[in-house]
Amino acid sequence: GAGVSQTPSNKVTEKGKYVELRCDPISGHTALYWYRQSLGQGPEFLIYFQGTGAADDSGLPNDRFFAVRPEGSVSTLKIQRTERGDSAVYLCASSPRTGTTDTQYFGPGTRLTVL
Amino acid sequence: AQSVTQLGSHVSVSEGALVLLRCNYSSSVPPYLFWYVQYPNQGLQLLLKYTSAATLVKGINGFEAEFKKSETSFHLTKPSAHMSDAAEYFCAVIQETSGSRLTFGEGTQLTVNP
């Protein structure tokens, strides 16, 4: 079946602009995760959802970052007043539940470049 | 706080040689451990995971890893490298007390030489 999809695959924006990154999880998966991967580093956790609610948003770096999942499926990561330091690959993952041993299935990522 | 250390940011082996990628974790309680592989321009793919069952875990593509509590290690091995194994490999942990977030190491880039 279809895997996790993310759009756009690449996004170039200017400093100070607003961006939205979209994630379509695997159908039926109730848990959804966002991670950020900077060049040469491993992914870092941002936030995860169980259903429509954010179960843990402690990884969001500051209040410019916000994520929603209004219907418990598609999620949007929103970044206000982008800064050059926000440039990274933003990864989305989903899993059937939020069990600690459940496999997280990753999408291909959105590469964000802030000029 | 838990952390993961991957020794060697770059590992180079010859085709047919043993692959050994090292991962150590720091945790007072043994966590759940994962190895993911990332091919260029693709998403992370799970190779294998340790979830408190057998300490020797077999994964896809001929990879396996052994959980050693005394050494706080979870090294990834493959007896014979193939050209298609060239990729970046990430070790990750989940601590049950910290929810289901993955904490990743910095990754090891594996190069396979003909």
Side-chain angles (χ1 to χ4, degrees), chain A residues 2-10 21 23-26 29-51 53-60 67 88-111, chain B residues 1-10 21-25 27 29-54 57 59-60 67 76 87-109:
Chain A
V4 178
S5 63
Q6 294 186 244
T7 54
S9 56
N10 281 283
L21 311 178
C23 172
D24 281 87
I26 293 171
H29 281 193
T30 60
L32 184 146
Y33 306 78
W34 284 99
Y35 295 84
R36 178 169 71 172
Q37 186 174 19
S38 299
L39 192 62
Q41 298 186 15
E44 294 179 308
F45 169 80
L46 295 176
I47 184 172
Y48 85 83
F49 292 86
Q50 175 60 34
D56 182 354
D57 64 357
S58 60
L60 295 176
V89 176
Y90 288 81
L91 299 170
C92 177
S94 70
S95 69
R97 303 163 299 171
T98 50
T100 49
T101 60
D102 280 8
T103 298
Q104 294 181 26
Y105 297 87
F106 283 80
T110 293
R111 182 175 299 277
Chain B
Q2 66 204 30
S3 69
V4 179
T5 302
Q6 291 185 239
L7 295 176
S9 59
H10 290 84
L21 304 182
R22 300 178 187 273
C23 173
N24 288 85
Y25 65 91
S27 173
V29 176
Y32 300 112
L33 293 151
F34 304 77
W35 275 100
Y36 279 85
V37 61
Q38 187 173 39
Y39 298 101
N41 300 316
Q42 293 186 30
L44 292 157
Q45 180 182 4
L46 181 70
L47 280 175
L48 49 80
K49 62 182 178 181
Y50 167 74
T51 58
S52 304
V57 182
I60 62 171
F67 172 71
L76 183 70
E88 185 142 28
Y89 292 80
F90 292 95
C91 183
V93 302
I94 287 178
Q95 190 73 49
E96 194 166 10
T97 54
S98 300
S100 53
R101 60 162 74 179
L102 286 162
T103 299
F104 287 87
E106 295 200 345
T108 298
Q109 181 68 46

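Numbered from 1 within each chain, the chains take letters A, B, ... in sequence-line order.
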Student: Does Q42(B) have any side chain to side chain contact (heavy atoms under 4.5 Å, CB included) partners at least two apart in sequence or in another chain, and if so, which?
Tutor: Y39(B)

Student: In this structure, are over 12 heavy atoms from other groups packed under 6.0 Å from L39(A) atom CG?
Tutor: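 Result for CG/L39(A): open.
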
Student: Of all heavy-atom pairs between F90(B) and Q37(A), which one has the smallest distance, and what is that distance?
Tutor: CZ-NE2, 3.3 Å

Student: Identify the two heavy atoms, one from S100(B) and one from Y48(A), that lie closest to each other, and give their separation to 0.1 Å.
Tutor: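 Closest approach of S100(B) to Y48(A), heavy atoms only: OG-CZ, 3.6 Å.
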
Student: Do you know which two heavy atoms are closest between Q104(A) and Y36(B), and how far apart they sit?
Tutor: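 Minimum heavy-atom separation between Q104(A) and Y36(B): O-OH, 3.0 Å.
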
Student: State, to 0.1 Å, how close L102(B) and Y35(A) come at their nearest heavy-atom pair, and which atoms those are.
Tutor: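 Looking at all heavy atoms of both residues, the closest pair is N-OH, 3.1 Å.
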
Student: Can you tell which of Q6(B), Q38(B), Q109(B) has the highest number of heavy-atom pairs within less than 4.5 Å of chain A?
Tutor: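 Maximum pair count with chain A is reached by Q38(B).
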
Student: Can you name the nearest heavy-atom pair linking K49(B) to T103(A), along with the distance?
Tutor: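 For K49(B) versus T103(A), the nearest heavy atoms are NZ-OG1, 3.0 Å.
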
Student: Among G42(A), P43(A), S9(A), G107(A), who wins on heavy-atom pairs under 4.5 Å with chain B?
Tutor: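 So the answer, after comparing G42(A), P43(A), S9(A), G107(A), is P43(A).
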
Student: Is L46(B) in contact with chain A via its backbone, its side chain, both, or neither, using a 4.5 Å heavy-atom distance?
Tutor: side chain

